[in-house]
2 protein chains.
Amino acid sequence: MARPRMFDEERALDAAMHTFWEKGYEATSTQDLCEATGLGRSSIYNTFKSKHDLFERALAHYIDTMTTAQLAVLEDARQSAADRIRALFGMVVDGEAERRAEGRGLGCLTVNTTVELAARDSRAAGMLERDTARRLAVLRAVIEEGRRDGSITSQRDAGALARFINAAIGGMRLSSQGGADRATLESIAEVALDALTR
Amino acid sequence: MARPRMFDEERALDAAMHTFWEKGYEATSTQDLCEATGLGRSSIYNTFKSKHDLFERALAHYIDTMTTAQLAVLEDARQSAADRIRALFGMVVDGEAERRAEGRGLGCLTVNTTVELAARDSRAAGMLERDTARRLAVLRAVIEEGRRDGSITSQRDAGALARFINAAIGGMRLSSQGGADRATLESIAEVALDALTR
DNA sequence: CAAGTTTTGTACCGATCGATCCATAACATT
DNA sequence: AATGTTATGGATCGATCGGTACAAAACTTG
């Protein structure tokens with residue numbers, strides 16, 4: 001019994017997410033968010049409490065879609081553990097190459113947020129920590145599986161290998177933002193995989 | 001034949017650098033820079049053309065000190081190539097642990113700047129690219145040397161290994177900003193080194 | 001169709017942004 | 001000591017920041 005929304009909240013959230021992704025939190029103004037979402041200020045502030053609240057929801061949306069997709073690859077029982085990690089690296093490389101081809105910002109919103117906000121935004125830091133813990137847990141399980149199926153021969157602690165893989169992905173995203181092309185990212189991934197199969 | 005400066009430009013530059021390092025470019029206000037340097041606005045704008053100019057000089061100062069120190073370790077002919085790279089990782093771990101103990105911001109200004117500015121600040125991006133090229137060139141030379149002295153047994157292309165090492169360092173810095181402690185960083189470095197000695 | 005409720009567009013808020021102006025202070029030179 | 005030059009502190013600039021107030025618009029329900 002009231003005036004209905006003229007926009008799709010999910011689409012607005014997605015547009016806001018991409019803006020934060022490309023420009024960062026501080027460099028994104030509320031005006032930018034209006035233009036990206038196509039909404040007026042009132043609609044944004046009526047739907048979301050504040051710029052920061054919108055950011056948190058955008059970050060949650062990002063984590064939800066990205067990490068879920070990546071973990072699905074890691075849980076694909078048809079492939080060996082090493083091949084699943086190889087596929088994960090492939091997703092990262094493809095994602096960076098794709099965004100580059102589309103002329104959009106590179107990198108990853110969680111990486112960017114870790115750098116820009118983690119130190120002074122405990123709420124964002126908490127979201128990132130939980131995401132990292134989730135990713136590490138799955139990576140660790142995959143590595144232990146790989147030890148059983150023989151595709152991962154490193155004798156290092158599975159947790160250490162998991163953290164290494166996670167760091168390597170971050171390093172690849174950084175390299176991408178620093179100008180590295182697809183072939184470079186692929187070669188970094190290949191060398192990283194060597195550490196698992198020594 | 002004029003009034004002399006009441007401050008040391010180098011010290012001011014250093015203070016500004018640490019502020020940008022800890023807070024990022026956008027989140028650092030000119031007021032922050034006044035407080036960090038102890039200077040008034042007039043002195044800052046009289047000495048540096050703008051906030052952005054001050055940032056560029058701060059970034060150059062950072063690159064100059066950090067990369068020079070790191071490359072010195074890589075060129076220490078007393079150690080094997082692999083040990084030099086191990087020492088480089090050690091520098092990174094020590095630096096992160098030290099800053100953590102001092103309660104200062106973590107990470108690395110070049111990493112932070114790559115994430116925050118590289119996409120929309122071509123001048124900063126150029127400085128970062130030149131720095132990366134310089135680091136990669138030295139890393140590559142060390143790796144080729146390691147192939148000769150037997151401390152690096154990977155058959156991968158030396159350039160690929162160099163880019164991997166560079167990415168691994170970035171990944172370690174990211175992990176540190178994400179909350180990883182010293183032991184975690186050390187384990188990541190150890191696994192990364194495995195890739196060189198397979 | 002009238003009443004009630006929410007959304008929307010617009011104007012606007014105080015605060016802060018980066019940057020500048022200007023009078024005064026502090027020196028070197030003559 | 002007088003003059004010239006630069007540095008400094010404080011006031012202030014227009015623009016933009018995130019956020020809000022308010023009235024008109026658009027709907028549901030009775």
Side-chain angles (χ1 to χ4, degrees), chain A residues 1-60 109 112-113 116-117 120-124, chain B residues 1-60 109 112-113 116-117 120-124:
Chain A
M1 56 190 195
R3 177 172 177 173
R5 291 232 167 111
M6 298 191 63
F7 64 94
D8 179 358
E9 188 169 325
E10 279 287 318
R11 296 182 78 85
L13 197 55
D14 200 67
M17 180 195 80
H18 280 95
T19 308
F20 284 127
W21 189 353
E22 287 174 25
K23 306 186 61 165
Y25 178 75
E26 296 287 351
T28 297
S29 69
T30 53
Q31 182 60 28
D32 291 331
L33 293 168
C34 290
E35 289 165 14
T37 59
L39 307 185
R41 303 177 92 66
S42 296
S43 297
I44 286 188
Y45 278 93
N46 187 40
T47 309
F48 310 97
K49 291 188 304 194
S50 63
K51 175 186 172 183
H52 190 270
D53 180 72
L54 174 52
F55 175 78
E56 280 183 24
R57 294 199 41 190
L59 178 59
L109 183 58
N112 299 357
T113 303
E116 188 185 0
L117 293 181
R120 59 198 166 87
D121 182 339
S122 59
R123 292 176 60 87
Chain B
M1 56 192 201
R3 178 173 177 173
R5 291 231 166 108
M6 299 191 64
F7 65 94
D8 179 358
E9 189 169 324
E10 279 287 317
R11 294 183 79 86
L13 197 55
D14 200 68
M17 178 194 82
H18 280 95
T19 308
F20 284 127
W21 189 353
E22 287 174 26
K23 307 186 60 165
Y25 178 76
E26 295 287 350
T28 297
S29 68
T30 53
Q31 182 61 29
D32 291 331
L33 293 168
C34 289
E35 288 165 13
T37 59
L39 307 185
R41 304 177 103 65
S42 297
S43 297
I44 286 188
Y45 276 93
N46 187 39
T47 308
F48 310 97
K49 291 189 304 192
S50 64
K51 176 186 173 185
H52 190 271
D53 180 73
L54 174 53
F55 175 78
E56 281 185 22
R57 293 199 43 188
L59 178 58
L109 183 57
N112 300 357
T113 304
E116 188 186 0
L117 293 181
R120 58 195 167 88
D121 182 339
S122 59
R123 292 177 60 87

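Since we're looking at a predicted model, the values are computed, not measured. What's counted below: heavy atoms across the whole structure, side chains too, no hydrogens, waters or symmetry copies. In what follows, chains are A, B, ... by sequence order, proteins preceding strands, each numbered from 1.
For C:dG9, the base has no donor-acceptor partner in the side chain of A:Arg41 [N/O atoms by modelled type, under 3.5 angstrom]. One N or O donor and one acceptor, one from the side chain of A:Arg3 and one from the base of C:dT7, sit under 3.5 Å apart. In terms of polar N and O atoms assigned as donor or acceptor, the side chain of B:Ser42 comes within less than 3.5 Å of the base of D:dG10 in a complementary pairing.
At whole-Å resolution of the value, CZ in A:Arg5 and P in D:dT28 are 15 Å apart. Atom CD1 in A:Ile44 sits roughly 13 Å away from atom P in D:dC17 (whole-Å rounding). One interatomic measurement links the two molecules: OH of A:Tyr25 to C1' of D:dC17, which rounds to 12 Å at whole-angstrom precision. In this structure, CZ of A:Phe7 is placed 20 Å from P of D:dA25, rounded to the nearest angstrom. Straight-line distance from the NZ atom of A:Lys51 to the P atom of C:dA15: 19 Å, rounded to whole Å. Atom pair A:Leu33:CG and D:dG19:P shows a separation of 10 Å (rounding to whole Å applied). Nucleotide D:dT16 holds its C1' atom 13 Å from the CD atom of B:Glu26, rounded to whole Å. A:Tyr45 places its OH atom 16 Å from the P atom of C:dT8, with the value rounded to the nearest Å.
Using a 30° and 60° split on the angle between ring planes, A:Phe20 and A:Tyr25 fall in the parallel class, below 30°.
The environment of B:Arg11 atom CZ is sparse: at most 12 non-hydrogen atoms of other residues, nucleotides or ligands sit within 6.0 angstrom.
When distances are taken from the side chain of A:Gln31 to each of D:dT20, D:dC17, D:dG9, the shortest belongs to D:dC17.
When heavy atoms are screened at a 4.0 angstrom cut-off, A:Thr30 is found touching base atoms of the nucleic acid. Residue contacts shown for B:Ser50 are limited to sugar-phosphate atoms, with no base heavy atom under 4.0 Å away.
Not one side-chain nitrogen or oxygen of B:Ser43 sits closer than 4.0 Å to the OP1 or OP2 atom of D:dA7.
Taking the charged nitrogens against the carboxylate oxygens, B:Glu35 and B:Lys23 have no contact shorter than 4.0 Å, which rules out a salt bridge.
B:Glu116 places no side-chain N or O within 3.5 Å of a backbone atom of A:Gly24 that could act as its donor or acceptor partner.
Summary of the strand contacts: B:Lys49 and B:Pro4 both lie near DNA chain C, and taking for each the nucleotide with the nearest heavy atom, the more 5' one is attributed to B:Lys49.
Side-chain contact check for A:Met17 versus A:Asp14: some heavy-atom pair is nearer than 4.5 Å.
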